[in-house]
Enquirer: 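The structure under discussion is supplied below as structure tokens; questions concerning it will follow.
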Amino acid sequence: MHSAHQRAGRLQGEPSHATRERCRADRERLVRQPMIALLNEVADADPRYEDFSVWHYRTDSWWWQHQSAVIRLGRKIEIGLRFALDGLRIQGA
């Protein structure tokens, strides 16, 4: 059986749908759930940050390689977050 690290390495480039499906549980546990936990902690510290969304998987491999989320602070104010293999990116708009 392959480790989660080895499976994550297979998601680089253009992994097949079958490869992504084999890695789905690891990705959920190691990528998506930590993003949700991070945003819950931020919201617990300051309720202004409680309106957030963490996006699910899509068929395009880019979405598997970049876990994205958004925190809405107002009608036209958002903070975007993205985990990728090269780190965490934060953007405001």
Side-chain angles (χ1 to χ4, degrees):
M1 179 166 209
H2 295 284
S3 72
H5 187 301
Q6 289 170 320
R7 286 185 182 188
R10 287 197 230 163
L11 293 177
Q12 294 178 347
E14 286 295 325
S16 69
H17 178 73
T19 297
R20 293 192 308 265
E21 286 302 310
R22 281 193 303 274
C23 297
R24 182 180 290 270
D26 286 336
R27 187 189 183 287
E28 176 71 20
R29 181 174 53 85
L30 298 170
V31 180
R32 188 167 181 276
Q33 290 303 319
M35 175 71 90
I36 292 170
L38 170 66
L39 294 179
N40 276 322
E41 287 184 33
V42 169
D44 288 347
D46 188 332
R48 292 179 300 170
Y49 300 105
E50 66 186 7
D51 183 12
F52 66 83
S53 297
V54 177
W55 299 318
H56 272 282
Y57 313 109
R58 298 246 168 69
T59 56
D60 184 339
S61 63
W62 190 91
W63 292 102
W64 279 77
Q65 297 158 340
H66 302 85
Q67 176 63 64
S68 298
V70 66
I71 301 171
R72 288 170 289 280
L73 296 175
R75 201 179 94 167
K76 295 186 177 190
I77 302 170
E78 294 183 343
I79 299 172
L81 299 101
R82 184 169 63 225
F83 283 148
L85 296 175
D86 58 353
L88 173 67
R89 178 177 182 207
I90 301 174
Q91 175 179 339

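Note that the numbering runs from 1 along the sequence shown for the chain.
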Enquirer: With sequence neighbours left out, what residues match Arg48 under side-chain hydrogen bond (donor to acceptor under 3.5 Å, both in side chains)?
Expert: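 For Arg48, the residues satisfying side-chain hydrogen bond (donor to acceptor under 3.5 Å, both in side chains) (neighbours in sequence not counted) are Asp46.
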
Enquirer: Taking side-chain hydrogen bond (donor to acceptor under 3.5 Å, both in side chains) as the definition, give me every residue that meets it alongside Glu50, ordered by chain and number, with sequence neighbours left out.
Expert: none

Enquirer: Please enumerate all residues that pass side-chain hydrogen bond (donor to acceptor under 3.5 Å, both in side chains) together with Gln33, with sequence neighbours excluded.
Expert: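 Checked Gln33 against side-chain hydrogen bond (donor to acceptor under 3.5 Å, both in side chains); matches are Glu28.
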
Enquirer: Donor-acceptor pairs are to be reported for all side-chain atoms of residues 35-45 against protein atoms at under 3.5 Å, with residues two or more places apart or in another chain.
Expert:
unit_1: Asn40; atom_1: ND2; unit_2: Ile36; atom_2: O; d: 3.3

Enquirer: Does anything in residues 70-83 form a salt bridge (charged side-chain N to carboxylate O under 4.0 Å, His left out)? List the pairs, not counting sequence neighbours.
Expert: Asp51-Arg72

Enquirer: Going by the rule side-chain contact (heavy atoms from CB on, under 4.5 Å), which residues pair with Val31 if we only count those two or more places apart in sequence or in a different chain?
Expert: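 Residues passing side-chain contact (heavy atoms from CB on, under 4.5 Å) with Val31: Arg27, Gln67.
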
Enquirer: Got a sec, which residues hit side-chain contact (heavy atoms from CB on, under 4.5 Å) with Ile90, two or more places apart in sequence or on another chain?
Expert: Ile79, Leu81, Leu88

Enquirer: For Ser68, what residues pass the side-chain hydrogen bond (donor to acceptor under 3.5 Å, both in side chains) criterion, not counting sequence neighbours?
Expert: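 Partners of Ser68 by the side-chain hydrogen bond (donor to acceptor under 3.5 Å, both in side chains) criterion come out as none, since no residue qualifies.
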
Enquirer: Which value, rounded to the nearest 0.5 Å, describes the distance between Arg22 atom CZ and His17 atom NE2?
Expert: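 Answer rounded to 0.5 Å: 10.5 Å.
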
